[in-house]
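Below is one structure, written out as C-alpha coordinates; comments come after it.
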Number of protein chains: 2
Amino acid sequence: MTDRPFDPYVRDCPTRQLLDRIGDRWTVLVVGTLTGGPLRFSEIARRVDGVSQKMLTQTLRALERDGLVTRTHHPEIPPRVEYELTEAGRTLQEPLRALEDWATVHMAGVLSAREGYDAAV
Amino acid sequence: MTDRPFDPYVRDCPTRQLLDRIGDRWTVLVVGTLTGGPLRFSEIARRVDGVSQKMLTQTLRALERDGLVTRTHHPEIPPRVEYELTEAGRTLQEPLRALEDWATVHMAGVLSAREGYDAAV
DNA sequence: CTGCATCCTCCCCGATACTG
DNA sequence: CAGTATCGGGGAGGATGCAG
(Lines give C-alpha, C1' and ligand atoms only; values in the text may rest on other atoms or scores of the structure.)
Protein backbone atom coordinates (compact mmCIF):
# COMPACT_ATOMS: atom_id res chain seq x y z
CA MET A 1 0.00 0.00 0.00
CA THR A 2 0.94 3.60 -0.49
CA ASP A 3 -0.20 7.04 0.50
CA ARG A 4 0.10 8.41 -2.97
CA PRO A 5 -3.09 9.35 -4.80
CA PHE A 6 -2.26 7.19 -7.79
CA ASP A 7 -1.29 3.60 -7.29
CA PRO A 8 2.13 3.41 -8.86
CA TYR A 9 3.63 0.62 -10.93
CA VAL A 10 5.90 -0.84 -8.28
CA ARG A 11 8.46 -3.43 -9.23
CA ASP A 12 6.57 -6.58 -8.35
CA CYS A 13 2.95 -5.75 -9.13
CA PRO A 14 1.03 -8.26 -11.28
CA THR A 15 1.24 -6.05 -14.34
CA ARG A 16 5.01 -5.94 -14.19
CA GLN A 17 5.24 -9.69 -13.78
CA LEU A 18 3.00 -10.29 -16.76
CA LEU A 19 5.05 -7.85 -18.78
CA ASP A 20 8.16 -9.86 -18.04
CA ARG A 21 6.45 -12.86 -19.58
CA ILE A 22 4.93 -11.31 -22.69
CA GLY A 23 7.86 -8.98 -23.22
CA ASP A 24 10.03 -11.73 -24.68
CA ARG A 25 8.48 -11.39 -28.15
CA TRP A 26 7.57 -15.07 -28.59
CA THR A 27 5.15 -15.91 -25.80
CA VAL A 28 2.24 -13.99 -27.26
CA LEU A 29 2.77 -15.46 -30.72
CA VAL A 30 3.02 -19.02 -29.43
CA VAL A 31 -0.16 -18.64 -27.38
CA GLY A 32 -1.78 -17.28 -30.51
CA THR A 33 -0.88 -20.28 -32.59
CA LEU A 34 -2.25 -22.63 -29.95
CA THR A 35 -5.65 -20.99 -30.07
CA GLY A 36 -6.99 -23.55 -32.51
CA GLY A 37 -6.00 -26.57 -30.47
CA PRO A 38 -2.96 -28.66 -29.60
CA LEU A 39 0.02 -28.56 -31.91
CA ARG A 40 3.32 -30.35 -32.08
CA PHE A 41 6.66 -28.66 -31.77
CA SER A 42 7.57 -28.54 -35.42
CA GLU A 43 4.16 -27.21 -36.39
CA ILE A 44 4.44 -24.29 -33.99
CA ALA A 45 7.92 -23.56 -35.31
CA ARG A 46 6.52 -23.49 -38.82
CA ARG A 47 3.75 -21.06 -37.99
CA VAL A 48 5.72 -18.59 -35.92
CA ASP A 49 7.92 -17.01 -38.51
CA GLY A 50 11.49 -16.47 -37.47
CA VAL A 51 11.53 -18.25 -34.13
CA SER A 52 14.61 -20.36 -33.58
CA GLN A 53 14.41 -23.85 -32.15
CA LYS A 54 16.18 -22.66 -29.05
CA MET A 55 13.78 -19.80 -28.42
CA LEU A 56 10.73 -21.92 -29.07
CA THR A 57 11.87 -24.55 -26.60
CA GLN A 58 12.62 -21.87 -24.07
CA THR A 59 9.28 -20.17 -24.56
CA LEU A 60 7.30 -23.40 -24.31
CA ARG A 61 9.17 -24.37 -21.16
CA ALA A 62 8.35 -21.04 -19.57
CA LEU A 63 4.68 -21.35 -20.51
CA GLU A 64 4.58 -24.87 -19.13
CA ARG A 65 6.23 -23.70 -15.93
CA ASP A 66 3.63 -20.98 -15.55
CA GLY A 67 0.80 -23.46 -15.96
CA LEU A 68 -0.41 -21.95 -19.21
CA VAL A 69 0.53 -24.82 -21.50
CA THR A 70 0.67 -28.58 -21.13
CA ARG A 71 3.36 -30.70 -22.73
CA THR A 72 2.52 -34.24 -23.82
CA HIS A 73 5.35 -36.46 -24.89
CA HIS A 74 4.42 -39.49 -27.01
CA PRO A 75 7.28 -41.99 -26.74
CA GLU A 76 7.19 -43.13 -30.32
CA ILE A 77 9.66 -43.41 -33.13
CA PRO A 78 10.02 -40.73 -34.27
CA PRO A 79 9.23 -38.76 -31.10
CA ARG A 80 6.13 -36.61 -31.04
CA VAL A 81 5.46 -33.84 -28.53
CA GLU A 82 2.24 -31.91 -28.40
CA TYR A 83 1.54 -28.63 -26.69
CA GLU A 84 -1.87 -27.40 -25.64
CA LEU A 85 -3.22 -24.41 -23.78
CA THR A 86 -4.47 -25.06 -20.27
CA GLU A 87 -7.65 -23.51 -18.92
CA ALA A 88 -5.62 -20.61 -17.56
CA GLY A 89 -3.82 -20.31 -20.85
CA ARG A 90 -7.10 -20.04 -22.70
CA THR A 91 -8.27 -17.18 -20.48
CA LEU A 92 -5.23 -15.26 -21.64
CA GLN A 93 -6.39 -15.45 -25.21
CA GLU A 94 -9.14 -12.87 -24.84
CA PRO A 95 -7.03 -9.92 -23.66
CA LEU A 96 -4.40 -10.93 -26.19
CA ARG A 97 -6.93 -10.87 -28.96
CA ALA A 98 -8.02 -7.40 -27.82
CA LEU A 99 -4.45 -6.26 -28.27
CA GLU A 100 -4.27 -7.94 -31.65
CA ASP A 101 -7.43 -6.17 -32.75
CA TRP A 102 -6.03 -2.85 -31.62
CA ALA A 103 -2.88 -3.50 -33.61
CA THR A 104 -4.83 -4.40 -36.71
CA VAL A 105 -6.86 -1.21 -36.54
CA HIS A 106 -4.26 1.28 -35.40
CA MET A 107 -0.84 0.15 -36.55
CA ALA A 108 -1.24 1.78 -39.94
CA GLY A 109 -1.87 5.12 -38.24
CA VAL A 110 1.05 4.56 -35.92
CA LEU A 111 3.31 3.82 -38.86
CA SER A 112 2.28 6.94 -40.73
CA ALA A 113 2.72 9.03 -37.58
CA ARG A 114 6.17 7.58 -37.33
CA GLU A 115 6.98 8.60 -40.88
CA GLY A 116 5.70 12.09 -40.27
CA TYR A 117 7.80 12.40 -37.16
CA ASP A 118 10.92 11.20 -38.90
CA ALA A 119 10.33 13.54 -41.82
CA ALA A 120 10.07 16.51 -39.45
CA VAL A 121 13.56 15.98 -38.12
CA MET B 1 -1.46 -13.99 -48.22
CA THR B 2 -0.65 -17.62 -47.80
CA ASP B 3 -1.94 -21.00 -48.78
CA ARG B 4 -1.65 -22.38 -45.30
CA PRO B 5 -4.83 -23.09 -43.37
CA PHE B 6 -3.80 -20.98 -40.41
CA ASP B 7 -2.65 -17.45 -40.96
CA PRO B 8 0.85 -17.44 -39.52
CA TYR B 9 2.55 -14.75 -37.53
CA VAL B 10 4.80 -13.45 -40.24
CA ARG B 11 7.56 -11.05 -39.41
CA ASP B 12 5.87 -7.78 -40.21
CA CYS B 13 2.23 -8.34 -39.27
CA PRO B 14 0.56 -5.71 -37.05
CA THR B 15 0.76 -7.94 -34.00
CA ARG B 16 4.49 -8.32 -34.33
CA GLN B 17 4.94 -4.59 -34.74
CA LEU B 18 2.88 -3.86 -31.66
CA LEU B 19 4.85 -6.42 -29.73
CA ASP B 20 8.04 -4.61 -30.60
CA ARG B 21 6.59 -1.53 -29.00
CA ILE B 22 5.12 -2.96 -25.81
CA GLY B 23 7.88 -5.47 -25.40
CA ASP B 24 10.30 -2.92 -24.06
CA ARG B 25 8.89 -3.15 -20.53
CA TRP B 26 8.24 0.56 -20.05
CA THR B 27 5.76 1.59 -22.73
CA VAL B 28 2.79 -0.12 -21.14
CA LEU B 29 3.57 1.29 -17.71
CA VAL B 30 4.03 4.81 -19.00
CA VAL B 31 0.75 4.68 -20.91
CA GLY B 32 -0.83 3.42 -17.73
CA THR B 33 0.36 6.35 -15.66
CA LEU B 34 -0.95 8.80 -18.24
CA THR B 35 -4.45 7.38 -17.97
CA GLY B 36 -5.49 10.01 -15.44
CA GLY B 37 -4.39 12.96 -17.56
CA PRO B 38 -1.24 14.86 -18.52
CA LEU B 39 1.83 14.52 -16.35
CA ARG B 40 5.24 16.09 -16.31
CA PHE B 41 8.43 14.17 -16.78
CA SER B 42 9.49 13.98 -13.17
CA GLU B 43 6.05 12.87 -12.06
CA ILE B 44 6.02 9.95 -14.48
CA ALA B 45 9.49 8.98 -13.32
CA ARG B 46 8.24 9.00 -9.73
CA ARG B 47 5.27 6.74 -10.46
CA VAL B 48 6.98 4.17 -12.64
CA ASP B 49 9.18 2.43 -10.12
CA GLY B 50 12.67 1.65 -11.33
CA VAL B 51 12.66 3.43 -14.66
CA SER B 52 15.88 5.27 -15.38
CA GLN B 53 15.88 8.77 -16.76
CA LYS B 54 17.39 7.48 -19.95
CA MET B 55 14.75 4.82 -20.51
CA LEU B 56 11.91 7.17 -19.68
CA THR B 57 13.12 9.73 -22.19
CA GLN B 58 13.56 7.01 -24.77
CA THR B 59 10.12 5.55 -24.14
CA LEU B 60 8.37 8.90 -24.28
CA ARG B 61 10.14 9.78 -27.53
CA ALA B 62 9.02 6.52 -29.07
CA LEU B 63 5.44 7.09 -27.98
CA GLU B 64 5.54 10.62 -29.34
CA ARG B 65 6.94 9.36 -32.62
CA ASP B 66 4.14 6.83 -32.88
CA GLY B 67 1.53 9.52 -32.33
CA LEU B 68 0.35 8.07 -29.05
CA VAL B 69 1.61 10.83 -26.78
CA THR B 70 2.00 14.59 -27.16
CA ARG B 71 4.89 16.48 -25.67
CA THR B 72 4.35 20.05 -24.52
CA HIS B 73 7.37 22.08 -23.56
CA HIS B 74 6.73 25.14 -21.41
CA PRO B 75 9.74 27.45 -21.78
CA GLU B 76 9.87 28.56 -18.20
CA ILE B 77 12.52 28.68 -15.50
CA PRO B 78 12.74 25.96 -14.42
CA PRO B 79 11.64 24.10 -17.56
CA ARG B 80 8.42 22.15 -17.47
CA VAL B 81 7.45 19.42 -19.94
CA GLU B 82 4.10 17.75 -19.94
CA TYR B 83 3.10 14.52 -21.64
CA GLU B 84 -0.43 13.55 -22.54
CA LEU B 85 -2.09 10.67 -24.36
CA THR B 86 -3.43 11.45 -27.81
CA GLU B 87 -6.76 10.16 -29.03
CA ALA B 88 -5.02 7.11 -30.47
CA GLY B 89 -3.11 6.67 -27.26
CA ARG B 90 -6.31 6.61 -25.29
CA THR B 91 -7.77 3.86 -27.45
CA LEU B 92 -4.81 1.73 -26.41
CA GLN B 93 -5.82 1.98 -22.80
CA GLU B 94 -8.73 -0.42 -23.05
CA PRO B 95 -6.86 -3.49 -24.32
CA LEU B 96 -4.06 -2.66 -21.92
CA ARG B 97 -6.47 -2.58 -19.03
CA ALA B 98 -7.81 -5.98 -20.10
CA LEU B 99 -4.30 -7.34 -19.82
CA GLU B 100 -3.87 -5.67 -16.46
CA ASP B 101 -7.08 -7.23 -15.23
CA TRP B 102 -5.94 -10.64 -16.38
CA ALA B 103 -2.68 -10.19 -14.55
CA THR B 104 -4.42 -9.17 -11.36
CA VAL B 105 -6.66 -12.21 -11.43
CA HIS B 106 -4.28 -14.88 -12.70
CA MET B 107 -0.74 -13.99 -11.72
CA ALA B 108 -1.08 -15.55 -8.28
CA GLY B 109 -2.01 -18.84 -9.92
CA VAL B 110 0.82 -18.50 -12.39
CA LEU B 111 3.26 -17.90 -9.56
CA SER B 112 2.12 -20.95 -7.63
CA ALA B 113 2.27 -23.08 -10.78
CA ARG B 114 5.79 -21.84 -11.19
CA GLU B 115 6.71 -22.93 -7.67
CA GLY B 116 5.16 -26.33 -8.21
CA TYR B 117 7.08 -26.79 -11.43
CA ASP B 118 10.35 -25.79 -9.83
CA ALA B 119 9.74 -28.08 -6.87
CA ALA B 120 9.15 -31.01 -9.22
CA VAL B 121 12.63 -30.72 -10.71
C1' DC C 1 13.84 20.34 -14.25
C1' DT C 2 14.59 18.09 -18.48
C1' DG C 3 17.40 15.88 -21.69
C1' DC C 4 21.63 14.33 -24.25
C1' DA C 5 26.15 11.88 -24.60
C1' DT C 6 29.44 8.54 -23.21
C1' DC C 7 31.04 4.47 -21.26
C1' DC C 8 30.52 -0.09 -19.79
C1' DT C 9 28.27 -4.28 -18.43
C1' DC C 10 25.23 -8.01 -18.93
C1' DC C 11 22.46 -11.28 -21.10
C1' DC C 12 19.52 -12.19 -24.94
C1' DC C 13 19.41 -14.77 -28.81
C1' DG C 14 21.16 -16.82 -33.14
C1' DA C 15 24.37 -20.30 -35.19
C1' DT C 16 26.16 -24.61 -34.85
C1' DA C 17 26.96 -29.22 -33.48
C1' DC C 18 25.61 -33.14 -31.05
C1' DT C 19 22.24 -36.77 -28.28
C1' DG C 20 18.00 -39.86 -27.68
C1' DC D 1 11.54 -35.10 -34.46
C1' DA D 2 12.63 -32.93 -30.16
C1' DG D 3 15.91 -31.19 -27.16
C1' DT D 4 20.57 -29.83 -25.07
C1' DA D 5 25.21 -27.56 -24.97
C1' DT D 6 28.38 -24.16 -26.21
C1' DC D 7 30.23 -20.03 -28.14
C1' DG D 8 30.06 -15.26 -29.57
C1' DG D 9 28.11 -10.80 -31.33
C1' DG D 10 25.12 -7.15 -30.44
C1' DG D 11 21.91 -4.54 -28.25
C1' DA D 12 19.45 -3.09 -24.05
C1' DG D 13 19.92 -0.48 -20.33
C1' DG D 14 22.22 1.48 -15.89
C1' DA D 15 25.62 5.11 -14.08
C1' DT D 16 27.60 9.31 -14.59
C1' DG D 17 28.54 13.92 -16.19
C1' DC D 18 27.16 17.97 -18.56
C1' DA D 19 24.05 21.40 -21.11
C1' DG D 20 19.95 24.49 -21.66
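It should be emphasised that the depicted structure is a prediction, and the values quoted were computed from it without experimental measurement.
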Problem set entry | End-to-end axis angle, where each axis spans five pairs of the helix from dC1(C)-dG20(D) to dG20(C)-dC1(D), to 10° |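 Rounded value for the end-axis angle: 40°.
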Between [X] and [N], does any side-chain N or O lie under 4.0 Å from OP1 or OP2?
X: Ser42(A); N: dA2(D); result: yes
X: Arg61(A); N: dT4(D); result: yes
X: Tyr83(A); N: dC1(D); result: no
X: Arg40(A); N: dC1(D); result: no

Problem set entry | Cluster check Leu111(B), Leu99(B): I/L/V/M/F/W/Y, side chain < 4.5 angstrom |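 Yes, Leu111(B) and Leu99(B) fall within the same hydrophobic cluster.
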Exercise. On a plain distance test, is the side chain of Glu43(B) in donor-acceptor contact with the base of dC1(C) below 3.5 Å?
Worked result: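 No.
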For this session: Spell out yes or no: do the side chain of Gln53(A) and the base of dG3(D) have one donor N/O and one acceptor N/O closer than 3.5 Å?
Result: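 Checked by distance alone, the answer is yes.
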Compare the minimum distances between each of [options] and the side chain of [X], then state the nucleotide with the smallest one.
X: Phe41(A); options: dG14(D), dA2(D), dG14(C); value: dA2(D)
X: Pro79(A); options: dT2(C), dT4(D), dA2(D); value: dA2(D)
X: Pro78(A); options: dG3(D), dC1(D), dT2(C); value: dC1(D)
X: Lys54(A); options: dC7(D), dG20(C), dG14(D); value: dC7(D)
X: Arg71(B); options: dT2(C), dC13(C), dG3(D); value: dT2(C)

For [X] and [N], give me the distance from atom [atom1] to atom [atom2], rounded to whole Å.
X: Leu60(B); N: dC4(C); atom1: CG; atom2: C1'; answer: 15 Å
X: Gln58(A); N: dG3(D); atom1: CD; atom2: P; answer: 13 Å
X: Arg25(B); N: dA12(D); atom1: CZ; atom2: C1'; answer: 11 Å
X: Arg80(B); N: dG3(C); atom1: CZ; atom2: C1'; answer: 17 Å
X: Met55(A); N: dA5(D); atom1: CE; atom2: C1'; answer: 13 Å
X: Leu56(A); N: dA15(C); atom1: CG; atom2: P; answer: 15 Å
X: Leu29(B); N: dG13(D); atom1: CG; atom2: C1'; answer: 15 Å
X: Asp20(B); N: dC13(C); atom1: CG; atom2: P; answer: 12 Å

For this session: Please check if the side chain of Thr33(A) supplies one atom and the backbone of Ile44(A) the other of a donor-acceptor pair under 3.5 Å.
Result: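 Answer holds: no.
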Exercise. Any donor and acceptor pair, going by atom type alone, linking the side chain of Arg25(B) with main-chain N or O of Leu19(A) inside 3.5 Å?
Worked result: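 Checked: no pair found.
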Exercise. Is any NZ, NE, NH1 or NH2 atom of the basic residue among Glu94(A) and Arg97(A) found under 4.0 Å from an Asp or Glu carboxylate oxygen of the other?
Worked result: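 Looking at Arg97(A) together with Glu94(A), the answer is no, because their closest N to O distance does not fall below 4.0 Å.
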Problem set entry | 4.5 Å side-chain heavy-atom contact, Glu84(B) and Thr72(B) |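 No - every pair of side-chain heavy atoms lies 4.5 Å or more apart.
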For this session: Start with the C-alpha distance between Arg21(A) and Val110(B), add both sets of side-chain angles, then the distance that settles side chain to side chain contact (heavy atoms under 4.5 Å, CB included), and finish with yes or no.
Result: CA-CA 11 Å; Arg21(A) 173 113 324 297; Val110(B) 166; 5.8 Å; no
For this session: For a side-chain contact (heavy atoms from CB on, under 4.5 Å) with Val30(B), tell me which candidate from Leu85(B), Leu68(B), Leu63(B) qualifies.
Result: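 The passing option is Leu63(B).
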Problem set entry | Within residues 98-116 of chain A or reaching into it, pairs that qualify as salt bridge (Lys or Arg N to Asp or Glu O under 4.0 Å) - sequence neighbours excluded |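 Qualifying pairs, neighbours excluded: Arg114(A)-Asp66(B).
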